[in-house]
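See below for the structure under consideration.
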Amino acid sequence: MTQPKKRIAILGATGSIGDSTLSVIAQNLDRYEVVGLSGFSRLDKLLSLCQTFLPKFVCVPDDKVDFFHQQLQQLGLHCQILSGKDGLDTLASHDDVDMLVASIVGSPGLSSTLSAVKAGKTVLLANKEALVMAGELMINEVAKSGATLLPLDSEHNAIFQCLPTDIQQNPTAIHDKKHGIKKLWLTASGGSFLDKTFEQMQNASVAQAVKHPNWSMGQKISVDSSTMMNKGLELIEASYLFNMPVVDIDVVMHPQSIVHSMVEYVDGSFLAQLGSPDMRTPIAHALAYPERINSGVERLDLFSLSNLTFLKPDLTKFKCLALAYQAMQAGSYACIALNASNEVAVQAFLDEKIRLTDIADMNEQVLNQIQSQKIASLEDILAVDNQARQLASRLLP
């Protein structure tokens, strides 16, 4: 008997995760139907995707609705247009959506991800900031609604694959002694500056910082990779996703990006997930879980892997990673503040207002200035986020 197609909505469809997701879906059109897409700035690309996948819904910024409606009409397309934050929330939680790919970069992706979780959807999470900002709230809502949260980040997806099925289906089971989990290991490529000095980082151009040696990613995440803030955010995300104290999660530098992460067991075993550095692998895994489908990824040639390197991270050079450990131990308010400050600082670097190394210094100052606060609601989260952005903005030249 033929299974009904899974109905997919992709928020952030014009970014690199959207590209990879749609590539996997295009190879498996007998299993998946694209019912919703969203885009923010690259509306020409969003229009082209609407032509190809004929979604029922499309979400654009509030001020682009009329323009996009005219474009759709000219092409004879009949998508229902949603707009702005409310449109994203509506699409994420819509009855016609079975699975949501949450790939909007940064804090703007939080509300819609939370809406999907509250609606009990299967959420394929590429927006790590959603858990960094609202980890406790998000995990509590997953438990209430029965939503399924599947990680798309290659590192978290690798850990997920290396865990027993019991833990995949119930993260609290990670502390059951019968499973013998000792430690989680996140691998980090080191980005563009692994082999460079701190002085070279200080003088880095935007072009150098966004040129990742292994992965094709957007500007913001590429800069975060250069400062290791990306790994810091992943560290916080992993702690929430897998119900693991941050002291039991280690980071190891692995420049080749072949081993995507590992789980260490008490008997001395390390289970690792290997693959080519291509986001279609974790995306295909999450789309089909617990089955497997073809992703279109080039097969890993084991005979070419003559040299896999593992190094200890330099927490002085990559201070952002040390700040993430500090924030997670301080509490949710500090994680929210760190993420907000970092978004302001990264944009300032991309605008060539500050140096690459100033990002960590700004983040540290904001962490030291933000006051400890109890986080119990989305309003609390957004209040701390706003405070931290104001503090960070005052530090800009």
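What you see is a predicted model, and the numbers here were worked out from it, not measured in a lab.
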Would you tell me whether [X] and [Y] have side-chain atoms, one donor and one acceptor, within less than 3.5 Å of each other?
| X | Y | result |
| --- | --- | --- |
| N140 | E136 | no |
| S107 | E343 | yes |
| S261 | Q273 | no |
| N363 | S341 | yes |
| N294 | N28 | no |
| S225 | N230 | no |
| T21 | Y32 | no |

When you group the ILVMFWY residues by side-chain heavy-atom contacts below 4.5 Å and let the links chain together, are [Y] and [X] in the same group?
| X | Y | value |
| --- | --- | --- |
| V252 | Y265 | no |
| L100 | L91 | yes |
| L124 | L11 | no |
| L37 | L88 | no |
| F40 | L22 | no |

Quiz item: Are D96 and K56 close enough, and set up right, to give a salt bridge (charged side-chain N to carboxylate O under 4.0 Å, His left out), and what steps lead you there?
Solution: CA-CA 9 Å; D96 288 349; K56 185 175 180 180; 2.6 Å; yes
Considering only heavy atoms from C-beta outward, does the side chain of [X] approach that of [Y] to under 4.5 Å?
| X | Y | answer |
| --- | --- | --- |
| F310 | M253 | no |
| I354 | P397 | yes |
| I139 | L131 | yes |
| L321 | M229 | no |
| K128 | D153 | yes |
| S239 | I249 | yes |

[X] side chain to [Y] main-chain N or O, any donor-acceptor pair under 3.5 Å?
| X | Y | result |
| --- | --- | --- |
| N203 | Q200 | no |
| D89 | S112 | yes |
| H254 | T309 | yes |
| K118 | T113 | no |
| T187 | H260 | yes |
| D385 | I381 | no |
| Q369 | L367 | no |
| R280 | S20 | no |
| S145 | V117 | yes |
| S226 | S222 | yes |

Any Lys/Arg nitrogen of [X] or [Y] sitting under 4.0 Å from an Asp/Glu carboxylate oxygen of the other?
| X | Y | result |
| --- | --- | --- |
| D250 | K183 | yes |
| K45 | D19 | yes |
| K220 | E129 | yes |

Exercise. Test D98 against R7 for salt bridge (charged side-chain N to carboxylate O under 4.0 Å, His left out), laying out the working first.
Key: CA-CA 5 Å; D98 300 316; R7 298 168 299 177; 3.0 Å; yes
Got more than 12 heavy atoms from elsewhere within 6.0 Å of [atom1], [X]?
| X | atom1 | result |
| --- | --- | --- |
| E298 | CD | no |
| K5 | NZ | yes |
| F53 | CZ | yes |

Quiz prompt | side-chain contact (heavy atoms from CB on, under 4.5 Å), paired with L152, selected from N127, L125, I283, V123 | solution = I283
Quiz item: So R31 and E291, salt bridge (charged side-chain N to carboxylate O under 4.0 Å, His left out) or not? Walk me through it.
Solution: CA-CA 12 Å; R31 300 177 65 115; E291 300 177 43; 3.3 Å; yes
What are the two closest non-hydrogen atoms of [X] and [Y], and how far apart are they?
| X | Y | value |
| --- | --- | --- |
| V132 | L233 | CG2-O, 3.5 Å |
| L114 | M138 | CD1-SD, 3.7 Å |
| G12 | I104 | N-CG1, 3.7 Å |
| D95 | K121 | CA-NZ, 4.0 Å |
| I181 | P164 | CD1-CD, 4.3 Å |
| M228 | V251 | CE-CG1, 4.3 Å |

Separation of [Y] [atom2] from [X] [atom1] (nearest 0.5 Å):
| X | Y | atom1 | atom2 | value |
| --- | --- | --- | --- | --- |
| L338 | M328 | CG | CE | 11.5 Å |
| Y333 | Q371 | OH | CD | 9.0 Å |
| L43 | S48 | CG | OG | 12.5 Å |
| S295 | M279 | OG | CE | 11.5 Å |
| I370 | Q387 | CD1 | CD | 5.0 Å |
| I10 | I17 | CD1 | CD1 | 10.5 Å |

Quiz item: Hey, which of T357, D361, D314, T227 is the one that makes side chain to side chain donor-acceptor pair (under 3.5 Å) with K319?
Solution: D361
Quiz item: Which pairs, with at least one residue in residues 160-173 and sequence neighbours excluded, count as a side-chain hydrogen bond (donor to acceptor under 3.5 Å, both in side chains)?
Solution: N157-Q161, Q161-R292, Q168-Y289, N170-T172
Quiz item: When you look at S269 and D267, which way does the side chain to side chain donor-acceptor pair (under 3.5 Å) test go after all the steps?
Solution: CA-CA 6 Å; S269 299; D267 61 3; 3.0 Å; yes
Self-check item: N368 vs E364, side chain to side chain donor-acceptor pair (under 3.5 Å): CA-CA, chis, key distance, verdict
Solution: CA-CA 6 Å; N368 290 338; E364 184 175 35; 4.8 Å; no
Quiz item: Between W185 and F270, what is the ring plane arrangement, given parallel below 30°, perpendicular above 60°, and tilted in between?
Solution: tilted
Contacts under 3.5 angstrom, residues 69-84 side chains, donor-acceptor by atom type, not counting sequence neighbours:
from: H69; atom 1: NE2; to: Q73; atom 2: NE2; distance (Å): 3.4
from: S83; atom 1: OG; to: D62; atom 2: OD1; distance (Å): 2.8

